[in-house]
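Below you'll find the structure, written out as structure tokens, and then a few comments.
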Amino acid sequence: MKFKEIIAAVNGKDIKGDTDAEISMITDDSRKCVPGSLFIAVKGYSSDGHEYIGKAIENGASAVIYQDPEYAPEGVPSAVSEDTRKAAGLAADCFFGHPSSKIKLVGVTGTNGKTTTATMLYRTFRMLGYECGLLSTIANYIGGEERPTANTTSDAITINSLLAEMAGKGCEYCFMEVSSIGIEQERIAGLDFAGGIFTNLTHDHLDYHKTFAEYLRCKKMFFDNLGKGAFALVNIDDRNGRVMVQNTKAEVITYSCRTHADHVCRIIEENFDGMLLKIDGTETWCRVIGQHNAYNMLAVYSTAVALGAGKEDILRIISDLRPVAGRLEYIRGGNDLTVVIDYAHTPDALENVLRTLKDIGKGRQLITVFGCGGDRDRSKRPEMAATAEKYSDRIFVTSDNPRTEDPDAIIEDIKAGFSREGLKKAIFITDRESAMRTAIMTAGKGAVILIAGKGHETYQIIGHEKRDFNEYEIVKNILN
């Protein structure tokens, strides 16, 4: 592809050099540059790609798109973009042949439920007989082939590369988690979405967005940019549901577990093995539990209907779907113990899980093990403590992924959220495995033990180091 084609796609200005230069790859990482590559200097959250333009050229970059005139490159063709974050998405869309227009791409956004909803949709459409892709927190999939993932929403170049591969291998659908940070950083710029799903909006990422209003604005941008041919599926039980679609051009479809909507659901009965749901008047058994998962399964059903699948087929498949890794995943042990592993790392998510376990546990002792991530939103730490106190009989406060923060300082932030009575049932153990072991070994007969915060993650980040830490395997070893 010639550089001038990409310049046109990003509406480049102040063009210099040979625009007929051949481009064989695009990247925003100077270390990956080779002859034939286009380097896009992206201003990131923690670093500025403009500072690496020289290194990119040194490594062989054949052209550069940049934003800051102060860093104008010399010796290679170049163009200026008003926003190189957005330009990266538009350039990738152009370079990879507009892959999102060749596949039905559905984005899932909200604070909680993105991973479960996107993953269950991927599994549902595979079981319906379609080739599908998945872009999620846990993993990316092209058909049945797993690819690693680093972020909830990958960078724009990676997304378009994966979508192009999906389209090339015959995938008809792709289900994608869309984070507020991904939206704000233009990682989805240029993508053609067939539909968007809004799950809910609660406290999260305020370390990045600073205010809840800004967090909401970023989520809403996703729906503002949906096209006329797309659908916007929203949970109207969330007070921000209707706000999300105020300015959308897409067809609005609503779902609810409490009031009248286009699609409705009620829980008929529930136990640790699953729940009986009544969806649009038809009963179906699901292998997941909790009111929050009733919403997730209703979103899956509603999306599948919007995409043209038969209602009876969807309900039949929903009854066969197994829980997503690290989402209310439980292991039973001796002394009638039930250990539940869940990714809940926000006050709302923790409350959803604890309320579910309290209701299903029917008087059984409920023990919670949790911590909070370092270098992240500090304001939610005391809220997590208050939530754990509200439902738990005993609480073990420990580390999550402390990153570069002092783990004990994080625990002190959490501790501030307990009342005097709450402190009486809280135990503080910094080492996470020790906290898990103590919680399990001291639990009473029949206790339910929730280990919250990391879910599917098989590592713990301490400092800048990722250490192996598979909670599912650790729990199995403790129980044995």
Side-chain angles (χ1 to χ4, degrees), residues 108 112-120 122-123 133-142 144-155 158 162 175-177 179 181-182 204 287-288 293 296 321-333 337-346 349-350 353 368-376 384 396-405 407 410 429-441 449-480:
V108 186
N112 302 311
K114 296 188 297 294
T115 300
T116 295
T117 302
T119 303
M120 292 298 199
Y122 163 78
R123 292 176 183 175
L134 174 67
L135 301 176
S136 83
T137 301
I138 296 177
N140 299 322
Y141 280 89
I142 299 174
E145 183 183 349
E146 182 178 351
R147 301 291 179 83
T149 184
N151 300 302
T152 297
T153 306
S154 299
D155 66 89
T158 299
L162 290 168
F175 302 100
M176 173 184 177
E177 290 187 53
S179 69
I181 295 173
D204 201 15
R287 300 187 187 190
V288 295
N293 272 322
N296 293 336
L321 294 174
R322 295 190 175 276
V324 176
R327 269 64 177 178
L328 278 173
E329 191 173 18
Y330 67 87
I331 309 166
R332 290 199 168 108
L337 297 181
T338 301
V339 181
V340 179
I341 296 172
D342 193 87
Y343 189 54
H345 61 283
T346 68
L350 185 62
V353 172
T368 302
V369 181
F370 82 100
C372 290
D375 303 331
R376 296 294 186 269
M384 295 282 282
F396 289 82
V397 180
T398 185
S399 293
D400 191 294
N401 291 320
R403 299 182 178 87
T404 62
E405 277 195 74
I410 297 172
I429 302 175
T430 304
D431 180 75
R432 191 171 178 92
E433 184 171 350
S434 297
M436 292 162 59
R437 182 176 298 277
T438 306
I440 293 169
M441 299 301 289
I449 303 141
L450 170 66
I451 301 174
K454 292 179 57 59
H456 64 281
E457 294 177 353
T458 57
Y459 57 83
Q460 188 175 28
I461 305 173
I462 300 175
H464 296 287
E465 181 186 356
K466 255 188 180 182
R467 303 181 184 179
D468 289 341
F469 196 89
N470 187 321
E471 291 192 340
Y472 192 86
E473 294 301 321
I474 291 170
V475 167
K476 284 201 300 184
N477 289 336
I478 295 170
L479 291 172
N480 287 335

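Given the structure is predicted, the values throughout are model-derived calculations rather than measurements.
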CG on N140 to OG on S154, rounded to 0.5 Å: 5.0 Å
Spacing of E465 atom CD and T404 atom OG1 [to the nearest 0.5 Å]: 14.0 Å
Polar side-chain atom of R432 near backbone of S399 as donor-acceptor pair, under 3.5 Å: yes
Inter-residue atom distance K114.NZ - S179.OG, 0.5 Å rounding: 7.0 Å
Least distance between heavy atoms, M384 atom then L350 atom: O-CD2, 3.7 Å
Main-chain N/O of C372 paired to D400 side chain as donor or acceptor, under 3.5 Å: no
T115 and E177 side chains, donor-acceptor separation under 3.5 Å: yes
N112 side, atom CG; Y343 side, atom OH - distance, nearest 0.5 Å: 10.5 Å
Derivation and outcome, side chain to side chain contact (heavy atoms under 4.5 Å, CB included), residues V475 and I451: CA-CA 10 Å; V475 167; I451 301 174; 3.7 Å; yes
Member of I341, I449, V340 meeting the side chain to side chain contact (heavy atoms under 4.5 Å, CB included) criterion with Y330: V340
Min side-chain heavy-atom separation T116-N293 under 4.5 Å: yes
Sub-4.5 Å side-chain heavy-atom contact between L450 and V369: no
From I331 atom CD1 to L337 atom CG, the distance as rounded to the nearest 0.5 Å: 11.5 Å
Full working for salt bridge (charged side-chain N to carboxylate O under 4.0 Å, His left out) between E329 and R327: CA-CA 5 Å; E329 191 173 18; R327 269 64 177 178; over 6 Å; no
Min side-chain heavy-atom separation F469-E433 under 4.5 Å: yes
Minimum side-chain heavy-atom gap P323-V288 below 4.5 Å: yes
Any Y141 side-chain heavy atom under 4.5 Å of E145 side chain: no
K454 NZ/CZ over F370 ring centroid, <6.0 Å and within 45° of normal: no
Backbone of R467 reached by a side-chain donor or acceptor of Q460 within 3.5 Å: no
Distance (rounded to the nearest 0.5 Å) between L328 CG and R287 CZ: 16.0 Å
Expected output: side-chain R437 to main-chain I474 donor-acceptor under 3.5 Å: no
Minimum-distance pair of heavy atoms, taken over all atoms of I410 and P402: CD1-CA, 3.9 Å
Test item: T398 side-chain N/O and I429 main-chain N/O as donor-acceptor pair under 3.5 Å: yes
Distance-only side-chain donor-acceptor flag, R403 / H464, under 3.5 Å: no
Trace of the side chain to side chain contact (heavy atoms under 4.5 Å, CB included) decision for T438 with F396: CA-CA 9 Å; T438 306; F396 289 82; 3.7 Å; yes
Under 3.5 Å side-chain donor-acceptor pair for E457 and N401: yes
